[in-house]
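All remarks here apply to the structure that follows.
In the text below, chain A, chain B and the rest are named by the order of the sequence lines, each starting its count at 1.
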Amino acid sequence: MSEYRPAEIEPKWQQYWLENKTFRTDDNDRDRPKYYVLDMFPYPSSSGLHVGHPEGYTATDILARHKRMIGYNVLHPIGWDAFGLPAEQYAIKTGTHPRKTTNQNIDGFRRQLQALGFSYDWDREVNTTDPAYFRWTQWIFLKLYEQGLAYEASVPVNWCPELGTVLANEEVIDGKSEVGGFPVERKPMRQWMLKITAYAERLLQDLEELDWSESIKEMQRNWIGKSEGANVVFPMKTDGTAPEETIEVFTTRPDTLFGATYMVLAPEHPLVDRVTTDAQKQAVANYRETAARKTDLDRTDLNKDKTGVFTGAYGINPVNNEEIPVWIADYVMMSYGTGAIMAVPGHDERDWEFARKYELPIVEVVKGGDVTKEAYVDSNEGICVNSANNEVSINDLPVPEARKVITEWLEQKGLGKYAVTYKLRDWLFSRQRYWGEPFPVIHVDGKPKPLPEDHLPITLPELDDFEPTKTGEPPLAKAGEWVNTTDPETGKPAIRETNTMPQWAGSCWYYLRYISPDYEQGPVDPEKEKYWMPVDLYVGGAEHAVLHLLYARFWHKVLFDIGVVSTKEPFKRLVNQGMILGELEFTAYKDADGRYLPVDRNGMSEELERVKLEEKDVEKRGDRFVIKGTDTVVDARSFKMSKSRGNVINPDDVVEKYGADALRLYEMFMGPLEQVKPWSMQGVEGVYRFLKRVWRLIMDQESDTVNQAVARSVNSDGSPVVEPDRAQLKILHETIKKVTDDIEGHRFNTAISALMIFTNEAMKWDVRPVEVLKPFLLILSPFAPHLAEELWEKLGVLTNEVSPDAAETEGTTHRSGRTLAYEPWPEYREELLQADSKTYAVQVNGKVRGQIEVPSERAAEKDFVLDAARNEPAVSRHLDKGRVVKEIFVPNRVINFVVK
RNA sequence: GCGAGAGUGGUGAAAUUGGUAGACACGCUAGAUUUAGGAUCUAGUGCCGAAAGGCGUGGGGGUUCGAGUCCCCCCUCUCGUACCA
């Protein structure tokens, strides 16, 4: 071996780590501080890893390796989120059991991850489809049920006929299924729901203490959507014969109550039938039918044109006893608040639009705008007007105060009360699928009944045909023998639940199972849970910003309440890696006549021909790119990787060509972890060259041994020939400091840059002392572990710490073997960082005119330094132009002369 | 619309508290070496200029001896969200 050959050294060390269980975590080693660093576990798809996986996984691996070297007991596991639709759809197409494809895919993913050298504890692998795992997913469901947090309901769901399943709102995008893009319609079905709304306030409050990015916390806050206001009761006008009815509305603006000029009920509101007058019956029925046919999308989409129908009924505004008409309109949603609103067109945009269209009165009750032109909606500024009755007046009060006064009055009179409303809705928790966790529930006499814990796990029945039924009945309904069972308690005939749990279920608690993957008495060993929880760092894609993280936090809080876990939040710190886009593309557009058209940022029409250009065919003009030599502006951007665009980078190809260390290093060198970044194959070559340089720094080009520059630094017994010189120690310790700080701050790109600077410098040395190279390899090792291990071994042979024979055999134990994985992390020494001289930049009127070098020991002497600065020719030239009126002296940095 | 984040060379990006803008890398140019190279090495590379020098961190204004960094206004892009009363 003469040159750097990752294909030889990488499998060697991967095998060594596996065979020696180098990264097995010792639960009993409780004296050292713990560090639990977690990756979002992957769904093992048939297409294998994409380059986004190794991004977060490399970051956590660097941190895990670093923490081990600074003495932490590190828990760094991986597993498989393996239930899910693709395996099931493949099963429907081919008849292959999803278990088979899933296991194949897991084997593929495991191989790929091991080929990247991640330091996982492979003895803790979890798999959500393993009955030994989902036994506890089912157990948690039973606990939720016991707590009254799981219930059945008939709810309109997103039914996708093509997929034969119901989808969660988040799986529907633009009225089509996220998977496959099939149309989705509304259909009422019996479903399991989880009462996440019971935890809304705690899920909101406890965000405060989490070390997550502000944007993710904000997204969760928005999703929970807390609003404060009042529920107000409006009596209905009655002719004396009809029964008395009231309409309760929720409003965040009770201060505008005097401006309510009409009311609106959601079309589905149960009161509609009772209040509609005979004359309006037909119109209302027609409107309700149209509204029912609309999907949520049609009702909420960009179509802002408001429609509605008068019911013929009137409500009475409780503050001024005015009769106001009651309408139905689909801009009011049954699922939010009370499903009814008081409309204040003067101070709500939607109400204003609606009032304009149907010629309803608009009354100003807050001064500050012109309600004849648009609604004045500011909820902080403004003074109330036209808002008084015999008992109470909020006139002349600022809006926030008015809100308090009127709410108190309503409460006193029993007309309304302070109220809080959340956007968050209960979690639709069942799917009409085969490949998911069965519910541990039977139906006896038509009622649901949980199965006893000792019956778990409830496993899936074997099926040959995974096709859902056309009626929406889940495929499990076809397993007659499985479905028809008996109640173990009473012996009565019973029917099993045929829905299965959604994919989120298994991922809601997997981080707990890693702690004690074989524990039989519960989901997690309580003693170990206390040691390891919470997760210190959780890294994954931002696509899980809301749902997965909210669901997992919800389950965790329930488990906390029943004493299963000891922390109220699972993930102390969260980092979201940014997406990796495809390579930068230059695109020009031609019309039908073959003429190039300038690019319009808002998107080009489909009929135009897309022409892909090479980088050499374009040039920069202003802040845009044009076709070279022309004025034709081209589109220059990176796109999300997708099969259809053909810009997908396969990590296997990169590993084959450049090695795992190069892939790891490149993904970290691209830019900050959390940022969106475009891929560049040339960038990979760049870090690959760096790794080759590191190899040549130590290894001889012709033989299998270290080079002369390194060998020269030690005697034949391995002892050092000469001490490293000051300059060598200085750059080494600078690098140690920079890399250490940067790892701790997750600035992996600049850490790598520091390693490159060291290497470039060290390449110039004729003698490369082992005492300098060894610490360098240790700080390189979290980033490029295979290369570092290999070179560490070579240096060990040189200094007689590792015998050349031992290098060929395996079987040492993981704490004392040849690996550097548990070597102590080098510490930098402050005194070695000091330079002999300091450089000052010298400015005249804020412009840099020259530099001076001064001896370090005199660098803080203002007079001495200023004198030296004045005598610098490039500076004095500018000082002569006027009179120095001020001298700024910033120690060790800069001098500024102000000249007039 | 609303909310959040971001705009720095040809490209990815650096710049700890307001103190030499562009580290490191890609690309490019020239040279060396090589049968050859997508290898390696040396030098150069923000823009204009022969140089002195001038101009430069999306645009405009401000604070300061000094602003990529702080303040105000505007523009653009990315992500999230969407009639939430």
For [N], does OP1 or OP2 lie under 4.0 Å from any side-chain N or O of [X]?
{"X": "A/Lys692", "N": "B/U40", "answer": "yes"}
{"X": "A/Asn749", "N": "B/A14", "answer": "yes"}
{"X": "A/Ser227", "N": "B/A85", "answer": "yes"}
{"X": "A/Arg689", "N": "B/G27", "answer": "yes"}
{"X": "A/Arg637", "N": "B/C77", "answer": "no"}

[atom1]-based separation of [M] from [N] [nearest Å]:
{"N": "B/A51", "M": "B/G44", "atom1": "P", "answer": "16 Å"}
{"N": "B/G60", "M": "B/C41", "atom1": "C1'", "answer": "49 Å"}
{"N": "B/U16", "M": "B/G10", "atom1": "P", "answer": "23 Å"}
{"N": "B/A52", "M": "B/G61", "atom1": "P", "answer": "30 Å"}
{"N": "B/C24", "M": "B/A14", "atom1": "C1'", "answer": "7 Å"}
{"N": "B/G22", "M": "B/G12", "atom1": "C1'", "answer": "13 Å"}
{"N": "B/G56", "M": "B/A43", "atom1": "C1'", "answer": "25 Å"}
{"N": "B/U8", "M": "B/A23", "atom1": "P", "answer": "16 Å"}

Pair assignment for [N], Watson-Crick or G-U wobble, requiring both distances under 3.5 Å:
{"N": "B/U17", "value": "none"}
{"N": "B/G49", "value": "none"}
{"N": "B/A25", "value": "B/U11"}
{"N": "B/C70", "value": "B/G62"}
{"N": "B/A32", "value": "B/U40"}

Practice task
Can you measure from CG (A/Leu574) to NE2 (A/His544) and round to the nearest 0.5 angstrom?
Solution key: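 If we round to the nearest 0.5 Å, A/Leu574:CG and A/His544:NE2 are 12.0 Å apart.
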Exercise for the section: Measure the acute angle between the ring planes of A/Phe783 and A/Phe748, then classify it against the limits of 30° and 60° as parallel, tilted or perpendicular. Expected result: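 A/Phe783 vs A/Phe748 ring planes: perpendicular.
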Just compare [options] and give me whichever is closest to any side-chain atom of [X].
{"X": "A/Ser753", "options": "B/C65, B/A14, B/A23", "value": "B/A23"}
{"X": "A/Arg849", "options": "B/C83, B/G53, B/A13", "value": "B/G53"}
{"X": "A/Arg893", "options": "B/G53, B/U17, B/A15", "value": "B/U17"}
{"X": "A/Arg877", "options": "B/A52, B/C83, B/G12", "value": "B/A52"}
{"X": "A/Arg696", "options": "B/G19, B/C41, B/A85", "value": "B/C41"}
{"X": "A/Phe669", "options": "B/C24, B/A85, B/A15", "value": "B/C24"}
{"X": "A/Thr251", "options": "B/A85, B/G12, B/A25", "value": "B/A85"}
{"X": "A/Thr750", "options": "B/C83, B/A14, B/G54", "value": "B/A14"}
{"X": "A/Tyr336", "options": "B/A85, B/U20, B/G27", "value": "B/A85"}
{"X": "A/Gln675", "options": "B/C24, B/C65, B/A13", "value": "B/A13"}

Determine the contact category for [X]: base if any of its heavy atoms lies under 4.0 Å from a base atom, sugar-phosphate if only primed atoms, P, OP1 or OP2 are that close, otherwise nothing.
{"X": "A/Gln682", "value": "sugar-phosphate"}
{"X": "A/His347", "value": "nothing"}
{"X": "A/Val890", "value": "base"}
{"X": "A/Asn760", "value": "sugar-phosphate"}
{"X": "A/Gly686", "value": "sugar-phosphate"}
{"X": "A/Thr839", "value": "base"}
{"X": "A/Ser680", "value": "nothing"}
{"X": "A/Ile888", "value": "base"}
{"X": "A/Glu218", "value": "sugar-phosphate"}
{"X": "A/Glu214", "value": "nothing"}

Mind calculating the distance between [atom1] ([X]) and [atom2] ([N]) to the nearest angstrom?
{"X": "A/Glu667", "N": "B/A25", "atom1": "CD", "atom2": "C1'", "answer": "16 Å"}
{"X": "A/Lys217", "N": "B/G5", "atom1": "NZ", "atom2": "P", "answer": "13 Å"}
{"X": "A/Ile752", "N": "B/C24", "atom1": "CD1", "atom2": "C1'", "answer": "10 Å"}
{"X": "A/Glu674", "N": "B/C79", "atom1": "CD", "atom2": "P", "answer": "17 Å"}
{"X": "A/Asn892", "N": "B/U20", "atom1": "CG", "atom2": "C1'", "answer": "14 Å"}
{"X": "A/Asn896", "N": "B/A67", "atom1": "CG", "atom2": "C1'", "answer": "13 Å"}

Handout entry: A/Glu381 atom CD, neighbour heavy-atom count above 12 within 6.0 Å
Key =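 No, not enclosed.
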Exercise for the section: Flag the pair A/Glu353 and A/Arg350 as a salt bridge only when some basic side-chain nitrogen lies within less than 4.0 angstrom of an acidic carboxylate oxygen. Expected result: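 No salt bridge links A/Glu353 with A/Arg350.
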Practice task
Check whether the side chains of A/Thr58 and A/Glu667 place a donor and an acceptor atom closer than 3.5 Å, and report yes or no.
Solution key: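 No, because no side-chain N or O of A/Thr58 sits under 3.5 Å from a partner of the opposite role on A/Glu667.
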Exercise for the section: Without swapping roles, check the side chain of A/Asn576 against the backbone of A/Gly540 for a donor-acceptor pair under 3.5 Å. Expected result: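 The answer is yes, because a donor-acceptor pair under 3.5 Å joins these two groups.
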Handout entry: Donor-acceptor pair, side chain of A/Tyr840 and main chain of A/Leu866, under 3.5 angstrom
Key =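 It does not hold such a pair.
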Problem - Chi-based syn or anti call at B/G80, which uses purine or pyrimidine torsion atoms and a 90° bound - result: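 Here B/G80 takes the anti form, which means its glycosidic angle is more than 90° from 0.
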Handout entry: Pairs touching residues 749-761 of chain A that satisfy salt bridge (Lys or Arg N to Asp or Glu O under 4.0 Å), sequence neighbours left out
Key =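 As it turns out, the salt bridge (Lys or Arg N to Asp or Glu O under 4.0 Å) pairs with a partner in residues 749-761 of chain A, which skip direct neighbours, are A/Glu761-A/Lys764.
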Exercise for the section: Nearest-nucleotide wise, let me know which of A/Gln851 and A/Lys423 is further upstream toward the 5' end of RNA chain B. Expected result: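 Final value for this comparison: A/Gln851.
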Exercise for the section: Tell me which of A/Val848 and A/Leu584 sits closer to the 5' end of RNA chain B, going by the nucleotide each one is nearest to. Expected result: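 Going by which nucleotide is closer to the 5' end, it is A/Leu584.
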Handout entry: Flag side-chain contact, heavy atom, 4.5 Å: A/Met342 against A/Thr256
Key =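 Of all side-chain heavy-atom pairs linking A/Thr256 with A/Met342, at least one is under 4.5 Å.
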